Amino acid sequence: DLWNIPPPTIDPYDTFDASVMFAVLEGHTDAVWDLSYNATRQLLLSSSSDSTVKLWNVQEKKLVSTLSAEEGGGCPTSLSWVVGELGHAVVGYSNAACNILNTETGQIVTKLDTANDPISGLPVGPINKVLSHPTLPL
């Protein structure tokens, strides 16, 4: 479900207001783990435990494409648009993999080395959240 942002004067303990629901986007077959919105392009990315990343057109309320994002048995757990690289998104996985995807072609642009901690050298666990810095490149 997509929701409109309610006005700041709303009482958070008031009854449910159905007018805040913007749309229902159907397409994933399992739990959605993360969302990332690109306001410039009016596009939404979603990652799911169904092993896909989906690209949605928010204005048209429809699915643009499905990116088969499984990485070595891991599911995409987190994603973020890459600032400064139009159409690129960084995706983190449950097996500690992390890739930069071209959302227009569905191809992997870069595989980031995230399997081991850079200091200790020990294996790391699942990636819970990835972010792209708002001013610095990846």
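One is the number of the first residue; the rest follow in order along the sequence. The structure presented is a predicted model; accordingly, all values stated were derived computationally and were not measured.
In the hydrophobic clustering of ILVMFWY residues, with side-chain heavy atoms under 4.5 Å counting as a link, Val53 and Trp33 come out apart. Hydrophobic clustering (side-chain heavy atoms under 4.5 Å, transitive across Ile, Leu, Val, Met, Phe, Trp, Tyr) keeps Leu86 apart from Val109. Tyr37 and Leu35 fall within the same hydrophobic cluster, defined by Ile, Leu, Val, Met, Phe, Trp and Tyr side-chain heavy atoms under 4.5 Å apart, directly or through other members.
Two residues are said to be in side-chain contact when any heavy atoms from C-beta on lie closer than 4.5 Å; Arg41 and Leu55 fail this criterion.
Within the 3.5 Å criterion, the main-chain N or O of His88 finds no donor-acceptor partner in the side chain of Thr103.
To the nearest 0.5 angstrom, Leu44 atom CG is 7.0 Å from Leu25 atom CG. Rounding to the nearest 0.5 Å gives a distance of 16.0 Å between CD of Glu26 and NZ of Lys62. The CG atom of Leu43 sits 10.0 Å away from the CD atom of Gln59 when rounded to the nearest 0.5 Å. Here Leu67 contributes atom CG and Asn99 contributes atom CG; the two are 12.0 Å apart, rounded to the nearest 0.5 Å.
Taking every heavy atom of both residues into account, His28 and Ser46 meet most closely at NE2-OG, 2.6 Å. Minimum interatomic distance between Asn95 and Gly74 (heavy atoms only, all atoms of both residues): ND2-N, 3.5 Å. Pairing each heavy atom of Asp50 with each of Asp30, the nearest pair is N-CB, 3.7 Å. Taking both residues in full, the closest heavy atoms of Lys54 and Thr52 are given as CE-OG1, 3.8 Å, listed atom of the first, atom of the second, then distance. Closest non-hydrogen pair, Val90 versus Cys98, comes out as CG2-SG, 3.6 Å. Counting all heavy atoms, side chain and backbone alike, Tyr93 lies closest to Val91 at CE1-O, 3.4 Å.
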Please tabulate, one pair per line, all N/O donor-acceptor pairs under 3.5 Å involving side-chain atoms of residues 75-85, not counting sequence neighbours.
unit_1 : atom_1 : unit_2 : atom_2 : d
Thr77  : OG1    : Gly92  : O      : 3.3
Thr77  : OG1    : Ile127 : O      : 2.4
Ser78  : OG     : Asp34  : OD2    : 3.2
Ser78  : OG     : Val130 : N      : 2.8
Ser80  : OG     : Ser132 : N      : 3.4
Trp81  : NE1    : Ser36  : O      : 3.1

